[in-house]
Amino acid sequence: MKKKFLLLSVLSAAVLILASCGKESQSDSPSVQETTKPVPQYVTDAEGGRYYPVTDADGNATRNGDGNLLVYATDSDGNPVEGKTEAANHGSALIIGRYIEMPEYRIVIPEGWSDARSYNEISIGNPETLDMIFITQVTDMTYDEKVSDTEKLLESVKRRNKNAVISSEKIQVGGEEAVYMSGRIVNEGDDANPETPQSVYLGYMVTVHNGKVYEGRVSADRDLTDEEINQMVDILKSVEFVR
């Protein structure tokens with residue numbers, strides 16, 4: 001009986017020693033978070049150029065004092081160099097975090113909308129309604145020329161469609177005064193005449209920032225409610241000029 005008791009005691013002691021060693025081993029082993037550094041994620045432009053953006057805690061792009069996007073420098077193999085950053089030399093759209101970034105302006109992708117292959121301009125679409133919004137820098141016209149050109153376009157829409165409603169108003173876009181002009185055509189539709197044109201909405205924003213002209217365009221092939229129109233105008237208003 002004493003031998004059995006002694007054997008059980010030895011076995012119990014062995015189990016306790018092994019368990020103790022196991023705990024010590026786990027506490028001394030560095031965790032994955034302690035040994036693994038996050039690898040910067042890259043984004044590509046429409047031409048396949050690769051950039052490793054320096055982002056904030058929310059994953060959005062950061063810029064230097066001149067308004068240029070900050071990216072990690074890369075080595076001869078195209079891999080990011082830790083701790084070395086530089087200004088990005090990009091000429092087309094980059095999607096970083098919640099934003100579509102252009103060299104001199106950007107916009108948050110609104111809820112329910114998605115990037116529509118932005119390249120030399122911001123292009124977003126609503127996949128449910130197929131409404132579209134474009135924002136671009138105008139390089140071939142002055143502000144007055146662009147406004148006049150848009151007014152003529154809407155006047156031609158009015159001539160071709162007697163029920164078209166043309167309007168114009170002043171709005172604020174990225175802290176700048178802008179003009180917003182629109183044309184709204186509402187057709188009831190006629191089953192007996194399938195060629196009856198559908199309802200159409202066209203909106204045009206023109207503004208100037210730091211001497212450069214910018215245009216926003218809204219298009220929808222349906223009868224929009226006033227609330228839907230206001231929501232799309234608000235998207236144009238949300239443009240941020242970064243340089």
**Report entry** 4.5 Å side-chain heavy-atom contact, I96 and P53
**Finding:** yes

Query raised in the report: So which heavy atom on S219 is nearest to which on F134, and how close?
Result: OG-CE1, 4.4 Å

Query raised in the report: Given V108 and S238, is the side-chain contact (heavy atoms from CB on, under 4.5 Å) satisfied, shown in steps?
Result: CA-CA 8 Å; V108 172; S238 71; 5.8 Å; no

Report summary line: Across all chains, not counting sequence neighbours, the side chain to side chain donor-acceptor pair (under 3.5 Å) partners of T150 are none

Query raised in the report: Hey, does I171 have a side-chain heavy atom less than 4.5 Å from the side chain of V233?
Result: yes

**Report entry** Which atom of Y119 lies closest to which atom of M102, heavy atoms considered
**Finding:** O-CE, 3.7 Å

**Report entry** Minimal non-hydrogen separation, T85 against V54, with atom names
**Finding:** CG2-CG2, 3.6 Å

Query raised in the report: What's the verdict on side-chain contact (heavy atoms from CB on, under 4.5 Å) for M232 and L224, showing C-alpha distance, side-chain angles and the deciding distance?
Result: CA-CA 10 Å; M232 288 197 279; L224 298 176; 3.3 Å; yes

Query raised in the report: Ignoring hydrogens and geometry, is there a side-chain-to-backbone donor-acceptor pair from T74 to P80 under 3.5 Å?
Result: no

**Report entry** Co-membership, hydrophobic cluster, residues V138 and V218, 4.5 Å side-chain
**Finding:** no

Query raised in the report: Quick one: OG1 on T207 to CD on Q172, what's the gap to the nearest 0.5 Å?
Result: 8.0 Å

Query raised in the report: L153 and V200: same hydrophobic cluster, using ILVMFWY side-chain contacts below 4.5 Å?
Result: yes

Query raised in the report: Where do M181 and S168 come nearest, in terms of heavy atoms and distance?
Result: CG-OG, 3.7 Å

Query raised in the report: Taking the six-membered ring of Y204, is the NZ or CZ of R217 close enough (under 6.0 Å from the centre) and on axis enough (within 45°)?
Result: no

Query - Closest contact, heavy atoms only, Y105 versus E121 - result: OH-CA, 3.9 Å

Report task. Determine, using the 4.5 Å side-chain heavy-atom cutoff (strictly less than), whether V43 and I107 are members of one ILVMFWY cluster. Result -> no

Requested in this report: Go through the steps for E228 and Y201 under the test side-chain hydrogen bond (donor to acceptor under 3.5 Å, both in side chains), then give the verdict.
Outcome: CA-CA 11 Å; E228 289 174 323; Y201 181 84; over 6 Å; no

**Report entry** SB check R184 D223 (cutoff 4.0 Å)
**Finding:** yes

Query raised in the report: How long is the span from the CG atom in N64 to the CG atom in L69, to the nearest 0.5 Å?
Result: 9.0 Å

Query raised in the report: Do S182 and S167 meet the criterion of a side-chain donor-acceptor pair at a distance under 3.5 Å?
Result: yes

Query raised in the report: Can you tell me how far the CG atom of D234 sits from the CD atom of E227, to the nearest 0.5 Å?
Result: 10.5 Å

Query raised in the report: For the atom pair CZ (R63) and CG (L70), what is the distance rounded to the nearest 0.5 Å?
Result: 9.0 Å

Query raised in the report: Under 3.5 Å, side chain of T55 to main-chain N/O of A61, donor-acceptor pair present?
Result: no

Report task. Identify which one of H209, E176, E104 satisfies the side-chain hydrogen bond (donor to acceptor under 3.5 Å, both in side chains) criterion when paired with Y214. Result -> E104

Report task. With rounding to the nearest 0.5 Å, note down the distance linking CD1 in I109 to CG in D115. Result -> 6.0 Å

Report task. Taking the side chain as every heavy atom from C-beta outward, state whether D45 and Y51 have any pair of such atoms under 4.5 Å apart. Result -> yes

Report task. Measure the spacing between OG of S118 and CD1 of I100 and express it to the nearest 0.5 Å. Result -> 4.0 Å

Query raised in the report: Just by modelled atom types, is the N60 backbone N or O under 3.5 Å from a matching donor or acceptor in the D58 side chain?
Result: no

Query raised in the report: Is there a side-chain contact between I135 and L236, using heavy atoms and a 4.5 Å cut-off?
Result: yes

Query raised in the report: Is the shortest heavy-atom distance from the side chain of I185 to the side chain of N163 under 4.5 Å?
Result: yes

Query raised in the report: Does F241 CZ have over 12 foreign heavy atoms under 6.0 Å away?
Result: yes

Query - Contact check, side chains of Y143 and E145, non-hydrogen atoms, under 4.5 Å - result: no

Report task. Determine, using the 4.5 Å side-chain heavy-atom cutoff (strictly less than), whether I133 and Y180 are members of one ILVMFWY cluster. Result -> yes

Report summary line: Applied to residues 128-138, the salt bridge (charged side-chain N to carboxylate O under 4.0 Å, His left out) test, sequence neighbours excluded, yields D131-R222

Report summary line: In terms of heavy-atom contacts, N68 and A87 come closest through CB-CB, 3.8 Å

Requested in this report: Determine, stepwise, if the pair L130 / D221 fulfils side-chain contact (heavy atoms from CB on, under 4.5 Å).
Outcome: CA-CA 8 Å; L130 303 183; D221 292 332; over 6 Å; no

Report task. Quick one: which residue pairs count as a ring pair (Phe, Tyr, Trp, His ring centres under 6.0 Å) with a foot in residues 59-92, not counting sequence neighbours? Result -> none

Query raised in the report: Just wondering, do M132 and I124 contact through their side chains at under 4.5 Å, heavy atoms?
Result: no

Query raised in the report: Within the side chain of K158, is there an N or O that forms a donor-acceptor pair under 3.5 Å with the backbone of K162?
Result: yes

**Report entry** Hydrophobic cluster membership, V208 vs V173, 4.5 Å side-chain cutoff
**Finding:** no

Report task. Check the pair S92 / N120 against side-chain contact (heavy atoms from CB on, under 4.5 Å), numbers first and verdict last. Result -> CA-CA 5 Å; S92 57; N120 58 359; 5.7 Å; no

Query - Validation row: T136, I122 side chains within 4.5 angstrom (heavy atoms) - result: no

Report summary line: In V206, D149, V213, the residue satisfying side-chain contact (heavy atoms from CB on, under 4.5 Å) with M141 is D149

